[in-house]
Amino acid sequence: MTSATTPMKTLPQVFFDRAMAEPERLIARHKYRGIWREFRYGDVLERVRNLAVGLQSMSFARGETVAIIGENEPENFWVELAVLSLGGKVVSLYPDLTVGEIEYLLNDSQAVYFVGQDQEQIDKGLAVLGSVPTLRRLIYWDDTGMWSYRQPILMKLEQMEDEGRKRNAAEPGLFDSLVALGQPDDIAILSYTSGTTGRPKGVVITHRYLIDNAHRLVNGTDLTPGMDYLTYIAPAWVTEQLFGVTIGVTLPLVVNFPESPEQILANLRELAVEAMVFAPRQWESLASTIQAKMLDAGPIRRRIYEWGVEIGRKVNVARLDGKPVPLVARLAFPIAEALVLKPLRDKLGLTRVKVALSGGSTMAPDVFRLFHAIGVPLRNIYGSTEIGIMTIHKGERYDLETVGHWLEAHPETAALEWKVSPAGELLVRGGSFFQGYFGKPEKSAERIDGGWYRTGDAVSVTTSGELVFLERIEDLAKLSSGQSYPPQFIETRLRFSPFIKDIMTLGDASRDYIGALINIDMGVVSRWAEERRLAYSTFADLSQMTAVADLIREEIVRINKFLPDHAQVRRFANFPKELDPDEGELTRTRKLRREFLVQRYAELIDGLYAGKDRVALSIPVTYQDGRRGTMAASVLIHSVDAAPLVATAVQARRKMAGMS
């Protein structure tokens, strides 16, 4: 663990001090048009200084809001530092937000400037102009396709930077004085909740919060100055604000920007970064990639892979669990490492990774075990936007069923304290603490109980002091019998299946048993079907095939074995279309919008519980060009304990992964 304490200042003040002390130090790389470009602190300071003074020259005032939308590119981060240098606050937006979602966030945050990456994002800004009265200017940094745009409200980022450069030449001390005005308790970020149960709320994030959480993470991990870090998760998620933006400056890290989201795996392999943070769905996707590639491997290569991963599990996972390593496995490990494990890490770009973290929601322990088996030290972090990162897997041994031990807050804040309420809810106080939801004092008050922040999470604690996340309190489900069951436990473990991308369990006080709606993984299931010469034309066609239903059924049977009778999935159906954030079915971090899905697929759910074996649906859809239409689908419903199973998923899993 690193021992380091950053003084309690604003982030721009820390950045300014670093750049003045080490102007030649490497701060970032960006792959642009096939070439990795490097940036030094001195150069970036000059860019930020010019951007900040250029923005200030456009009558931007302290406390005002700038919205930024685009992929993870250097300009995205530099504009944020410029805004923060002026005492402004930033709202980072997910690049795939719809016009309606952007309109709500701009109005709720009272944004006065909209900074977009390119034509796609500026088109969204132009579409909401008439309904966001506070907007004064739309600014963009990539002018590809923008040659015909002539609206007076538009401005290229380069123009703003040029204005700032001229004014800095005339008033050389202006930027320094503006940065010096900042205070740790100034608002830095409005980070919007995912909105799984309603409209997103803007969590007030101060500079104190950023510095405090950076301290917690740096002192709770093996992060060291100069480590190569991959920025991939969107800065709209507060976790990237803590890693790529804040720790990138306070430790500092070398922040690496990929060429594009589509190139992430190729860029990851080129870089072989030392630190990375993914959401569970991204780690699950990597795990599915590993397993799916084995589908295409020949029988000899597949058996070698299975043997190597099994040896890795007997050695690496056993050490993690504190169990003795069998002598045969210990002797075979160097061969497995040379033939299977190291080449596999190399294929994934994980040969140098020392800090690999997963956070944002729960992930199946099987996924952790797979990565540990191949030699990737994957750890869980747990927290909330309102309080920050609270726990992490620490040390060389930890329980993969937990979210780890508690972190220590910055010494210039109160110590983190926690307790579990009689209802099983985690309550927290201390640290930089919850500063409320922007413009929503009544919603903020609902989260505080006698000075404690109510996380809304049901938890337990192991004898070793590690925290176990069970479920969101509001999502704990009970059947008509009064017996409760854990939806996320079932869902996270089924998502480890390479064939399942998303799953929503069903069952409440009006239902006698648990059902499930499943979103198959098109990429993996289609390859599985092609290998068996099963013909299909569309996602809907593939998802409703009897063979695919049998495949999914066996996956459910496997998980049911770990559950008491009342908590086992009894009936299921496969969604006839992929779940899509643009349809409102998922949040931008790919969490299920349960209430919306229950309403949209009400006929299917009613049919499932009515004992039907088929339901005809008419589903509203939105096409990529914005047009709306309706999809008609006949969806089959299946019983888990039905009939003879045909091609079993267990055999497929053995063939693909060797992890059963």
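Y601 places no side-chain N or O within donor-acceptor distance of the main-chain N or O of I619, the cut-off being under 3.5 Å. The backbone N or O of Y229 sits less than 3.5 Å from a side-chain atom of N256, completing a donor-acceptor pair.
A salt bridge between K156 and E163 is absent, with no side-chain N of the basic residue lying under 4.0 Å from a carboxylate O of the acidic one. Electrostatic pairing of E161 and R47 counts as a salt bridge here, judged by a charged N lying under 4.0 Å from a carboxylate O. Salt bridge status for K501 with E578: present, with a side-chain N to carboxylate O gap under 4.0 Å. The pair R208-D185 counts as a salt bridge, with a side-chain nitrogen and a carboxylate oxygen less than 4.0 angstrom apart. Taking 4.0 Å as the cut-off between side-chain N and carboxylate O, R62 and D186 count as a salt-bridged pair. Salt bridge status for E386 with K201: absent, with no side-chain N to carboxylate O gap under 4.0 Å.
With sequence neighbours excluded, no residue forms a side chain to side chain donor-acceptor pair (under 3.5 Å) with Q110. Take Y192 and apply the ring-ring contact (aromatic ring centres under 6.0 Å, His included) test, not counting sequence neighbours, and it matches no residue.
One side chain, E73 or Q117, offers a donor N or O that lies under 3.5 Å from an acceptor on the other. Using modelled atom types and a 3.5 Å distance limit, the side chains of E71 and S260 yield no donor-acceptor pair.
Classification of the H30-Y32 ring pair by plane angle, with boundaries at 30° and 60°, yields tilted. Using cut-offs of 30° and 60° on the angle between ring planes, the pair Y113 and F60 is tilted.
In this structure, I392 and L407 have side chains that are in contact, with non-hydrogen atoms separated by less than 4.5 Å. Side-chain atoms of L517 and L604, non-hydrogen and from C-beta on, do get closer than 4.5 Å to each other. Side-chain atoms of F114 and I139, non-hydrogen and from C-beta on, never get closer than 4.5 Å to each other. Side-chain atoms of N574 and Q544, non-hydrogen and from C-beta on, do get closer than 4.5 Å to each other. In this structure, V203 and Q435 have side chains that are not in contact, with every pair of non-hydrogen atoms separated by 4.5 Å or more. Looking at heavy atoms from C-beta onward, T630 lies out of side-chain contact with V621 at the 4.5 angstrom threshold. When side chains are defined from C-beta on, M276 does not count as touching L357, because their heavy atoms never get closer than 4.5 Å.
Judged as a ring-ring contact (aromatic ring centres under 6.0 Å, His included), the pairs with a partner in residues 72-111 (not counting sequence neighbours) are, in order, F39-W78, F77-F257.
For Q282, the CD atom is densely surrounded, since the number of other residues' heavy atoms within 6.0 Å is greater than 12. Counting non-hydrogen atoms of neighbouring residues, nucleotides and ligands closer than 6.0 angstrom, the CD atom of E603 reaches no more than 12 such neighbours. For K440, the NZ atom sits in a packed shell: over 12 heavy atoms of surrounding residues, nucleotides or ligands are nearer than 6.0 Å.
Aromatic rings from F434 and Y437 are positioned such that their centres are separated by under 6.0 Å. The aromatic ring centroids of F433 and Y209 lie 6.0 Å or more from each other.
Applying the salt bridge (charged side-chain N to carboxylate O under 4.0 Å, His left out) test between E583 and each of R600, R593, R628 identifies R600 as the sole match. D502 pairs with exactly one of R495, R281, K577 by the salt bridge (charged side-chain N to carboxylate O under 4.0 Å, His left out) rule, that one being R281.
For the atom pair R454 CZ and S384 OG, the distance stands at 13.0 Å (nearest 0.5 Å). Of the inter-residue distances, the one linking E158 atom CD with D142 atom CG reads 11.5 Å to the nearest 0.5 angstrom.
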